[in-house]
Every structure is written in C-alpha cells, then in structure tokens.
Amino acid sequence: WRSGALVEQRELTQWFFKITDYADELLRDLDTLTNWPEKVRLMQANWIGRSEGMLIRWALDAKTAPSDANELEVYTTRPDTLFGASFLAVAADHPLAKLASEKNAALAEFCDECRRLGTSVADIEAAEKRGFDTGIRAVHPFDKTWLLPVYVANFVLMEYGTGAIFGCPSGDQRDMDFARRYELPVVPVILPAGEDAATFTLKNNAYEDDGVMINSRFLDGKSTKDAFEEAASRLEKQKLSGRPQGARKVNFRLRDWGISRQRYWGCPIPVVHCKACGVVPVAAKDLPIKLPDDATFDKPGNPLDRHPTWKHTTCPKCAKPAVRETDTMDTFVDSSWYYVRFTAPQAATPVDKEAAQYWLPVDQYIGGVEHAILHLLYSRFFARAMCDTGHLKFAGNTREPFSALFTQGMVTHETYKSTDGYWMLPNEVRFEGEGAQRHAVEAASGRPVTIGAIEKMSKSKKNLVDPDDIIAHYGADCARWFMLSDSPPERDVIWTEAGVGGAGRFVQRVWRIVEEIADTFPLDDKTAKPATFSSEALGVRKAAHRALDQVGKAIEGLRFNVAVANIHEFTNVLQAGLTKPGADMAWAAREAARFLVMMIGPMMPHLSEECWARLGYNTLLANEAWPEAEAGLLVDDQVTIAVQVNGKRRDELVISRSAASGEVEAAALALEPVIRALEGRPVKKVIVVPQRIVNVVG
RNA sequence: GCGGACGUGGUGGAAUGGUAGACACACAGGACUUAAAAUCCUGAGUUCGAAAGAGCGUGAGGGUUCGAGUCCCUCCGUCCGCACCA
C-alpha cells in the first residue's frame, strides 16, 4: 500500500513531532551526560549532524536562465573555497531543475532517472556521479564576469540544505569525481602544510583539510579559518537584489520525527477531520480514543481506515459528521515517556508532576546499544518537550531523563537450518565430530542440518536457548550465577552451556560450607569476639573483609563477573580455613559465612535466604544492610613487592609495609637472583615504588 | 568514504603505567571407592632443561618510560555506527 496514489494522499496527513526545534539543545547537552558511554554520545552527535555554514545566493545569467528564475541559493560549509568553484548543481527535485526541464525533454528524462534510482543504500553505493548541464549559467559572487555552469546532479540531495550546491573539485572528493567526469576545471585553492605552491597539483584526490589559501585573490595567504571569515563577512555585506548575498546558517542532519503509522497496533492520533472546521483535536474528556476490538487483518492496508464504523464521528467544534484520523502513532512515542508515567502509574492525569520530580531523572538506565539513537534520542526530546508544555519538571536544572546509561551486550547463538529451509531450535539439533569435522543433524530424524552464522538470539531464527532446561536441572539461582559469572555485561556473549556445571558445583559447595559452619559453630550471640586470632583465622577474616570490599565495588560498577571471581577466591580461602579448627577460627568462620551469604545474596537470592536461615537467623537476608568492611583488615603489615632488574622480574620481597625506601632498596640488592642478573655490573639507579615494586637499573 | 571500538593461554575472561594470565571452564595426574559418580589434592602460556633455571610471550612493527596488555604513531584483522549531509 506504500505505492501509488495512496502515498500521495498519506503525505498530506503525515504527523510530525518537531524534534528539530531541540536539535541544538539535544546536541549541546550530550556533554553533560558524563555517565553515558562515549560511543552512544558520539552516535547521537553524528545523527544530529550539526554543521556551520552559509547560504549563498548566486545570480543567474539572464541570457541562459528561465525567465522566472533569477537566482539560486546554495548551502556550503566552505565559503573559503569559493575561488575553486567550477560548477553549481541542484537535485533532480529542485524547482530550478523542474523549471529547466519544461523546455528540455532530455533534461526531464535525466531527472526522472535520478528519481527512480538512488533510494536504497546499495543503489547509492553503486551509483556513479552523473549530471546534466541545464545550459543555465550562474554568476560568481565575487566576480561578475565569471560564469559557471548549473547542472542537475544525482548526488545532490533535496532534503539537505537548499538542495543545491556549488562544486569545488579541489576541496571535495565528490566534486572532484564529478569534475573529472565532465572535464570541468580543477583549481587548487588550499595548500597543505609542507607543499610548495609552485609545484602543488591534484590528480584525482581532493584535499579536504586545512591549509593556506592559494589562487584565491583577496584570500590568498590566509588560513582556511580566516578565509572562511573573510568570505563570509564580505557576502553578508554584499547585496544582491537589495538583500545580503550570504547569510550564516547552521544546518542539521536530524529530520523531524514522522509518527504516522498506517497500522492498527498503536495509539490513535487524537484528531478529527471536519469538512467545515478542518483538523480539530479531540476534546480532553473524550480521551483516550480506544481502538476497535473487531478490526480485521485479512487484507493489506490500515484496518482502522477500512473499519465500517470506527472512524465515523462528529466534529468536536461544530458537531457535524466528521472522520477520525486513522493513522496511529509510532510505538516509540510510548517508550519516550513511560519512565515518567512509571513514577505514578495510578495517576488520573498522564503525569504526576510531584512524583516525577521526586523520582527523576532515572539513576541508572540499562539497555541494548540498538536503542542508542532512536529510543534514547526521542526520550531526551520528550523530556524537554514535556518540560516546555508544563507536563514535567525535574528537580535539578537538568532536562535529561537518564543520568547514567549502561549498554549491555546481546546474547548470541549459532543458527541452524534444516534441509527444507526451516530454522531449527538448538535443542532439536545433535552434533557430531569436532573442529573442522563438526557438523549437525536433526536429533529426531538424523537428517543433515546447516550450521549458520552466530547471531543475536531471535524468535524468527529460533537460535534460542530455553532457560527452563537449565532451571529445571540446576535451579534459577544457578542459571543467574552462571550468566553473571560468564563475561562482562557490556560484551556480547555467544551462549554456551559449557561451564554451567561449574556454577552448579559452586552452589553445592556454598551449601556444604554453610551447613558445616552452622553445625560446627552454631549461632550464639553471647560468644564474644576473641581478643586475638591465629594467623589462619586472621587470614580468613582478612579474605572475608577484602572480598566484601571488592565485591561491593564490583557490583556498584556492574562488573558482576569480577564480583563472582572475588567470591570464588574468598570461598577457597574459607574452605581451607575450616580444616584448622579452634575457638578463634570458629568466630572467624561464622563471620565469613555470614559475609559469604550476604555477598551471594544479590545474585542468588533463593539460595542465600536458605543459607541465612540455616545459619540460624530468622530474619530476611534481603532486608539486611551490606556490611561494612573493617578498614584495618584490608591492609597487610607485610607486603610482597616484585623486584625487577632492568624492567624484568627476577624475584619478590616480603617486607614490612612501612619499610623505608632505603631499607627496601638494600633488601632488594641483597637478593641472590638480583645479584645474578646484574652479572657484576654496577647499579646505576634503583626505583622504589612503595608497597609495589623495586626496579634495579644496572 | 567518514567516525568509533576491540585484538591477552585450548575456552570465557582478570590486570589504578608496576610480579601478565586472577577466577572459572575444559584437560591431565593422584587420593578416596570393589567400581563409578561426587568430593578433595596436584599440574599446566610456550621453548630448552632431569631439575635449578634461562629464553620468548598480550595481532605485527616502531616510539615514550626505570618499567607498556595499558600511553603515542604506522600497519593488519574483526566488529559496530553513519553514509553522496555539500
């Protein structure tokens, strides 16, 4: 239904949000989003695509121009290169192209051809730069005697700038390609640093960077930046038909947001079309407009448009029969402000400003990078628009909906296709062989299966793994633990169950340790903390407190795989400690068990509550505060420092934490491997980094 | 074409410029067992060596530094975004 007359008709009633009004602010405020990934900020900046340039009006030579066309306005970011101009070009849809086509059948044909091609990315890539000389000549703004040809060119976009450009082949690769094809002059106007003006020439590569102006009359010798300023201010002062010939202009790549969809599944756009009153908004009391329950989907096209009764209503203004808008909104509209609604989901009005002000902005937003541009830009726009319409107010002076953003990776998996071309679930497939011999067959029939690319898990390609299988076998906590331990959350993961067994063993191990400690050292609030600890017990305590510190920080930083590794490490120490019983170890072990259970809590909630109860507590672990690590247990009196000779590690040294540099140096130089590595050479220099490393240079 | 990210053992991955490979998976050997499972212990980047030890080692090559996986430059590869935006 997107072809033919219907599209024309639709064009007239397309609905847009004026996101371009916020282009500058959306771009500028990206700098304030310091807790957003650089990548996403960059993608948004590129998408908004701000460029500073000029609109320049060129007079058309009366002898060659159509009678009702006497000037052509172009957009450029490089007024400095005006003396390198060798042609002008307009888009096939440009009014001047249409005007010129009226008396030129060949030109009209060329314009048609341009319109047919050049829509898809692939077309553009393949398309050569082609043009058609309209015969019209334009007058150079700085030289009345200099006439330039005006072409229609397939690489000029009507949607950007004015749909017309001036071509400077020496300074722009596209213009260069065009000039070489149509044998237009190529005049270098910018001399790169280190080049000689007398010998500098360009072959088929344009020089697009900065330099010193040449062949440019009054601009000669200026820097690119100064030349821009000079040319711009002259054009601003210079008049053409009584108006300034040039005007500075900021242009954006960002377009307005077309929200009209010809689909059933979306919020209806709440307006009515009345023959007498025109487009009339639906009264607030009649909102929301509900979709009909009896839509049919048996034919292509918009079910709302062909529904027998739904669209027929009366005009809110004059009460005469009128027709509802049958376009519905893009679903991105809903996702652009749900976070505001979520602060007061029961509110009678769309937004409870007080609740929104209390909760927003969102502290930590987590989502896939696929939303980097559309959803996240629309949401930033909506937050601002809602502030301006009085629907929303933020507590601070920000207008950003999401303070911090984290982009998680995707879960990917191999894809499988049967011989008849159907996608197959991984659990319908059996594997044989290894390495290059590895191949797949249908588990049920033994028929061969093609192993396809590793792709993002999707229902359509069926490369899905059902977590129920893992949950049934190992439990939900184990599934969670395994996923968190596997790789950092920002990275894509190729899903594999290899390793889930290890997570299962860890779950069992935690339970065994907790049982052992609960049985051997039952909860007894009266047991006083021992005055001193054996070195083993102290070791357990240090490991416990260090883990608490590390795991807390890792979780805060969303580095869950590191948190898991830290817990593993600590568990290993605790388990070894249990083989050396004693009153002080009992106390240390109980403390350690309590910490262990608390640390796994966020990642294995069921197991940890079970363990918590097993340790004798009759509270909910979920209500417990994260314990504070004792600072004194986080540092050792003795530190191990590496000893290098000429940057190569030769030995290590255990020494008092507070040892003076001289002391450390002496101890390092006395080490036998150090003496050996020096091979009798004198020591030139010794670098001592306290508590870290010694480097002997010799 | 423009912009960006990444490249570390058999695998997933650790590492504020300071002992590369933590932790785990897989693997091998051992203990326990009639046996297996489970559990526990041990080993393991690579080359040479019986060992002690030594050489090499974070995609390749250069640079900065006492010291580089980490910073800078060039190249190769992989991935992502934008794409004739004047």
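Residue numbers start from 1 in every chain, and the chains themselves are labelled A, B, ... in the order their sequence lines are given, proteins ahead of strands.
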Give the B/S/- string for nucleotides 19-27 of chain B, one per nucleotide from 5' to 3', where a protein heavy atom under 4.0 Å of the base yields B, of only the sugar-phosphate yields S, and otherwise -. B--BSSSS-
Could you give the side-chain donor-acceptor pairs of residues 685-698 of chain A under 3.5 Å, partners two or more places apart or in another chain?
residue, atom, partner, partner atom, Å
Q691(A), OE1, R657(A), NH2, 3.0
N695(A), OD1, N646(A), N, 3.4
N695(A), OD1, G647(A), N, 3.0

Given that both distances must come in under 3.5 Å, which nucleotide forms a Watson-Crick or G-U wobble pair with A68(B)? none
Need the pair for C2(B). Rule: Watson-Crick or G-U wobble, both distances under 3.5 Å, any strand; none if unpaired. G81(B)
Watson-Crick or G-U wobble partner of U34(B), both distances under 3.5 Å: none
Using the C1' atom as the reference point in each nucleotide, state the distance between G13(B) and G49(B) in Å, no decimals. 32 Å
Identify which nucleotide among G18(B), A86(B), G13(B) has an atom closest to any side-chain atom of V689(A), counting heavy atoms from C-beta outward. G18(B)
Identify the nucleotide, in any strand shown, that forms a Watson-Crick or G-U wobble pair with C23(B), with both distances under 3.5 Å; if there is none, say none. G12(B)
Quick one: on RNA chain B, does R491(A) or V696(A) contact a more 5' nucleotide (nearest heavy atom)? R491(A)
Who does C48(B) pair with, Watson-Crick or G-U, both distances under 3.5 Å? G53(B)
Taken to the nearest whole Å, NZ/K129(A) to C1'/A86(B) is 12 Å
C1' atoms of C84(B) and A15(B), separation to the nearest Å: 45 Å
Separation of the P atoms in G4(B) and C71(B), to the nearest angstrom: 15 Å
Does the structure show a Watson-Crick or G-U wobble partner for U58(B), both distances under 3.5 Å? Name it, or say none. none
5' to 3', nucleotides 43-59 of chain B under a 4.0 Å protein heavy-atom cut-off (B base, S sugar-phosphate only, - none) gives ----------SSSS---
Taking atom C1' in both U46(B) and U8(B), compute the distance separating them and give it to the nearest angstrom. 14 Å
